[in-house]
There are 4 protein chains.
Amino acid sequence: MQAAVHRLSMRHPGDISELDALIGAGTVRADDIVAVIGKTEGNGGVNDFTRGYFTQSLMALLSRRTGEDAESLAGRIPCVLSGGCEGVLSPHYLVFSRTGEHDAAAHATPALAIGVAMSEPMQPEDIGRAGHIRSVAAAVRRAMQDAQITSPADVHFVQVKCPTVTVAGAQEATARGRTVVSGDTNRAMAFARVAGALGVGQALGELDPDAEALGLAGLSDFGQYSNKASISSGVEIRCNEVIVLGVSRAWTGPLRIACRPMHDALDIGAVYDACSELGLEMRQHQLTAEAQQRVAGVLVKCEPDRRGTVRGHRHTMLDDTDINAQRHIRGAVGGLVAGVLGDGRLFVSGGAEHQGPDGGGLIAVIAEGV
Amino acid sequence: MQAAVHRLSMRHPGDISELDALIGAGTVRADDIVAVIGKTEGNGGVNDFTRGYFTQSLMALLSRRTGEDAESLAGRIPCVLSGGCEGVLSPHYLVFSRTGEHDAAAHATPALAIGVAMSEPMQPEDIGRAGHIRSVAAAVRRAMQDAQITSPADVHFVQVKCPTVTVAGAQEATARGRTVVSGDTNRAMAFARVAGALGVGQALGELDPDAEALGLAGLSDFGQYSNKASISSGVEIRCNEVIVLGVSRAWTGPLRIACRPMHDALDIGAVYDACSELGLEMRQHQLTAEAQQRVAGVLVKCEPDRRGTVRGHRHTMLDDTDINAQRHIRGAVGGLVAGVLGDGRLFVSGGAEHQGPDGGGLIAVIAEGV
Amino acid sequence: MQAAVHRLSMRHPGDISELDALIGAGTVRADDIVAVIGKTEGNGGVNDFTRGYFTQSLMALLSRRTGEDAESLAGRIPCVLSGGCEGVLSPHYLVFSRTGEHDAAAHATPALAIGVAMSEPMQPEDIGRAGHIRSVAAAVRRAMQDAQITSPADVHFVQVKCPTVTVAGAQEATARGRTVVSGDTNRAMAFARVAGALGVGQALGELDPDAEALGLAGLSDFGQYSNKASISSGVEIRCNEVIVLGVSRAWTGPLRIACRPMHDALDIGAVYDACSELGLEMRQHQLTAEAQQRVAGVLVKCEPDRRGTVRGHRHTMLDDTDINAQRHIRGAVGGLVAGVLGDGRLFVSGGAEHQGPDGGGLIAVIAEGV
Amino acid sequence: MQAAVHRLSMRHPGDISELDALIGAGTVRADDIVAVIGKTEGNGGVNDFTRGYFTQSLMALLSRRTGEDAESLAGRIPCVLSGGCEGVLSPHYLVFSRTGEHDAAAHATPALAIGVAMSEPMQPEDIGRAGHIRSVAAAVRRAMQDAQITSPADVHFVQVKCPTVTVAGAQEATARGRTVVSGDTNRAMAFARVAGALGVGQALGELDPDAEALGLAGLSDFGQYSNKASISSGVEIRCNEVIVLGVSRAWTGPLRIACRPMHDALDIGAVYDACSELGLEMRQHQLTAEAQQRVAGVLVKCEPDRRGTVRGHRHTMLDDTDINAQRHIRGAVGGLVAGVLGDGRLFVSGGAEHQGPDGGGLIAVIAEGV
């Protein structure tokens, strides 16, 4: 098997013309596409409709190109979008595809491996609780199988998109005599992300395997976290959608991946370390033009420090009624990472509870090896 | 003479308690203060009243401490504030003071020199035009004298606060049969900043000495710029307020300054270069804790690239109806610089027309020498 | 002929399920739909993608229901959307359809008549100038014919969607040696709306028939305006799209329309007058529940007073860096009109230059007659 | 005794020049001022510093005019500010003053009566709980005495400014082994407003006198509310500040007050009723110019309906990441009330939990009687 990652730009959130052209030119086969991760230019909040617009456009294109129904495509191809292109961030999307047969014989060098899985549909009352953690963990294990990765050590980054509790879902659960994790939908959404993060940590052996114990740690014990989980949650889905990125000798090709936790919003060293692991060369503390060409995608999670300070100095992100805190932090961390990489095409996503160290997050870089 | 720079935090824009404590403790004499540059947590736009609130609080304190009238203090102490603490930026202010006598004998090592000057009041019809350029240039020369700097090469950073055309000012000029540079107050404000930048460039010999020719270049020929000018403009003042920072053998003490143009919003090399010139040590691409202790202040100008791209990739700053473009760019460049310095207490200001390369800006670092 | 107007709600900007259900139930024939006017929940600015999302969803539905290509449908069915559901405004859309044959014999009572027309494609250099005014005026006359309205007095409301100058369009025109009306795309967009308004006023005999003279009045002589024009402009179209609403004896059915200029943002009398003309009953200064049932649609244009005051008192809309002025005014006028009508499903659109009195706008109500 | 209310405009939040002029002209005696209620042009959120700026400016003026220390003035003169001049709202403030002696003999006609009171300082652990309700109720009773009002029926409007739980306050309480009402400061602030509203309702006999029972109803049983309470809460105060407005025969002069609950954001009838009670004449559904002259002040509370709809139609205020919900509702209700009164100088404040019917609020008008 061989993985390919295409980083494509969009002129607006409904513009999938670059992918259409690649498919038209035969560079990408529509049937080979297994996942899409993208950054659209909305506000990243509840009323960010650029994600739905992009997904509708993407699935219509793939339906046209494959003959498969759009709904069926959406049920098997995870499309994870983060809204908000603050500062120097540039709207773009990564198209993950796989070619070739599963190959029993191991290659000499491990290469980028991609696996996906969808969990069973979640009930509203299970979301954000121990059952949710177990469901995500199981899906991560299936995605590892799909990626032909056997050791958790070979998994470097796991992107999960979780369902969350909607107002309608809460009412329906209540009618059945159940309670939901929180009546506040924003808080429920945070708990859904927590369950995703802890589920990844459980599957990868980073965390205590007891889902009940882990669930109790959610949004309270921030020392419990995964260094490889990137979670988003959305109202539009019922299943947990999982994308596992790692390395495996069952795969070939030039792509590699490196991932580092970021200890806070100023942890520039993590960015350099991830680049360094991939052998990406620097000139004056920035990737050389050649090294930039080798980069296929960059994935970042970050979070405004909930304690109100960064390295002891007060920040104002959490108290700003004009600009949402997640927009603030994406802009700042995006500026930092773009400065090192020399490129604004970064997937920078907020809401990093239990995904990397508290007040920090993580960075993954996918690039061609040397 | 010896310069001192105190970097102080505020809990809110009316909080000058740290300065009050320093004066109370005798660390700073109120009479020695010659300028204040600060970053307040407003939106940085026309309706940002955190600047006025801070200034009122500061002048009330200094009046109480010196016995001098607040209005008189405001007429001789430039107080330049940039609103907007996006992302990791932390609200703070730099208090510049001078101690000791003017000293004819030259010191062995040049040290940080500070000079200030106020121009004569501007008429509305002169703002943003050749007369404005000449007025700023003359004030810069007087501030150089005040700083005992004779060579423009020894000037490293010039902060200017310019008056701008108000609606009332435009009406008054019209009544006298004069026209103003633009009827659009936002555009007039940009022209005022341009005049400031070109005036600095003229005074320092960076640009053509012909103010008329320079004026014509304003907002059109972006190849004409100063690498040392940082300009803001405000409705509340009538004179050009100038702060010159440089080095001189007439001064002593440990403080030094380095300034570099930033070629675009990703020019991380400029940040490292400025630090390197001051001998500030890095560990893992970030200032060491010791080096951070030596930093007294950081001043940055930046601008959302008006061509709509950064390094060839589309940015969305100029088309965002929700977040002002200047807030976007301050957050991004602030994140980058904070990552290198390990500190969010940065004066990062937008509106960098003709202040550094087009689409970029500049960075100045003040620190104790080794 | 008989006109129908269905007012439908959406749960999000891609939700056209209510229309789908009406078509499925046979209440509306997809082939009878001639125009759609809607209010989506974006920010109403350049980066409001809810309009594109809705249009894509609508055209996909109509294509599925009619078998006609989506592009072809977009070329003949004007879909005019205003983004921004501030305050009590509720996301909704009006579907205009026509049934029955053209009928030579005149009915006893004039009824709501609907006509549409598309102009020829505009060149960038013509947009916002005299040629644009002429083009809109000609399209309005064709739409009147389409509506079987002969007298301008019988036209009550004209909705126009104009193309505007894009960055690419300006470059293309420049390459051909032409200039565009303004290099500032926001200003060019305002000029496009002006041309639309003046074109309507010219076609309806409200204004001087000399398009050159009218063009010179644009954005300067605000005494020149139409009391029946509602204009939007968008980057995605090349032609002027025109919807004429009026009354005609060639039409039958219960629907009527009334339109009034609003003299400023507090002109509540205009709202009551429009309702009164249609015989809509009030209780305690608000439409009775019965009268509310008779209302089929409400269309409002408004504008933040560019002189900075409303009835002599300062407003802050034009100086707010956090909230766009158009969002402010839509929220305020929407609140006022909703209070009289007892319903938040109002099309309230900003950018009312030369559309109604300066600082005001206009209101049209469509309702079943008594 | 005679009450006076002066409605003054400000050019910016630090501008108290109109009051200064009135004092200078002898129209108002600084010593007679007992309360100030104002609308400043910030965002009305946690980071709205226009309130502090105005208060600092006001107290500095009164200190200069009375010789009394600014801190002492702030301790006895309630200054209640609501930030946010959305839409047509105009920045202004109401200065309440009292002249003449307490007069045993009753006047023939009851006139506007004003009383103020400050509670004892609150402990963090008591805020938003039964003790807080009792404290506010007691202060309201003292303010009634101060206003010489004996019957709760003669109280028409009670403005309360409550302290809230700060992060520091919560830590201090925890250190003493106490808990606070909520660790979420926004939620604690809501509970503080609830306590204020329920305390007013208790003092006026609108609600169950059992503070414990009332406390349990907070933010859950929205059927428990006061029709006369307007509450704000702020981090900068320790005591509950209470202003009671009503009528009393111990007072004389032309001023009267009327107050009505608003049942939802479209309850325009309440506005007309309040005006009608005061004999204010309408022409075309708006106050006549003469009637407008008689109005001295208008006070409104409102709230975005937490159920997500207004009169059955979806609103988008609660899901908007770009504009805070309170800004939305103030703009809409402000537009409606301004349309009836013909004037944008309205105190419109959000956060109306238990202040008027759920999803609505209340309106009070102060005007000269006929």
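Nothing here was measured: the structure is a model prediction, and the numbers come from that model. In what follows, chains carry the letters A, B, and so on, assigned in the order in which the sequence lines appear, proteins first and then strands, with residues in each chain numbered from 1.
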For this session: Using side chain to side chain donor-acceptor pair (under 3.5 Å) as the criterion, list what pairs up with D:H285, not counting sequence neighbours.
Result: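 Listed in chain order: C:H285.
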
For this session: Side chain from CB out, backbone as N, CA, C, O: work out which of these in C:R327 comes under 4.5 Å of a heavy atom of chain D, or both, or neither.
Result: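 Contact with chain D involves the side chain of C:R327 alone.
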
For this session: Just give me the residue among D:G87, D:G335, D:P304 that pairs up with chain C most often, heavy atom to heavy atom, under 4.5 Å.
Result: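 Maximum pair count with chain C is reached by D:G87.
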
Problem set entry | Where at least one partner belongs to residues 301-354 of chain D, residue pairs that pass ring-ring contact (aromatic ring centres under 6.0 Å, His included), sequence neighbours excluded |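 As it turns out, the ring-ring contact (aromatic ring centres under 6.0 Å, His included) pairs with a partner in residues 301-354 of chain D, which skip direct neighbours, are D:F222-D:H354.
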
Problem set entry | Part of C:R345 within contact of chain D (heavy atom distance under 4.5 Å) |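 The side chain, not the backbone.
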
Problem set entry | Structural part of C:D264 lying under 4.5 Å from a heavy atom of chain D |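 Answer is neither: C:D264 stays 4.5 Å or more from chain D.
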
Exercise. In terms of heavy-atom proximity below 4.5 Å to chain D, should C:D305 be classed as side chain, backbone, both, or neither?
Worked result: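 Neither part.
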
Exercise. Tell me, side chain or backbone of D:D319 under 4.5 Å from chain C's heavy atoms, or both, or neither?
Worked result: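 No part of it gets close to chain C.
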
Problem set entry | Which portion of C:E41 sits near chain D, non-hydrogen atoms under 4.5 angstrom |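 Just the side chain, heavy atoms under 4.5 Å.
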
Exercise. Measuring heavy-atom distances to chain D, does C:I323 have an atom under 4.5 Å in its side chain, in its backbone, in both, or in neither?
Worked result: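 For C:I323, side-chain heavy atoms alone lie under 4.5 Å from chain D.
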
For this session: Examine whether an atom of C:V88 lies under 4.5 Å from a heavy atom of chain D, and if so say whether it belongs to the side chain, the backbone or both; otherwise answer neither.
Result: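 Backbone plus side chain of C:V88, per the 4.5 Å heavy-atom cut-off to chain D.
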
Exercise. With distance as the sole test, does C:Q284 use its side chain to make a donor-acceptor pair with the main-chain N or O of D:A270 at under 3.5 Å?
Worked result: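 Flag not set: sc C:Q284 to bb D:A270 has no pair under 3.5 Å.
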
Exercise. Which answer fits C:V340, side chain, backbone, both or neither, if we ask what part of it has an atom under 4.5 Å from a heavy atom of chain D?
Worked result: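 Both parts, backbone and side chain.
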
Exercise. So which of C:P91, C:G334, C:A265 has the biggest tally of heavy-atom pairs under 4.5 Å with chain D?
Worked result: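 Of the options given, most contacts go to C:P91.
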
Problem set entry | Top contributor to chain C interface from D:M317, D:R314, D:R311 [non-hydrogen pairs under 4.5 Å] |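 The residue among D:M317, D:R314, D:R311 with the greatest pair count is D:R314.
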
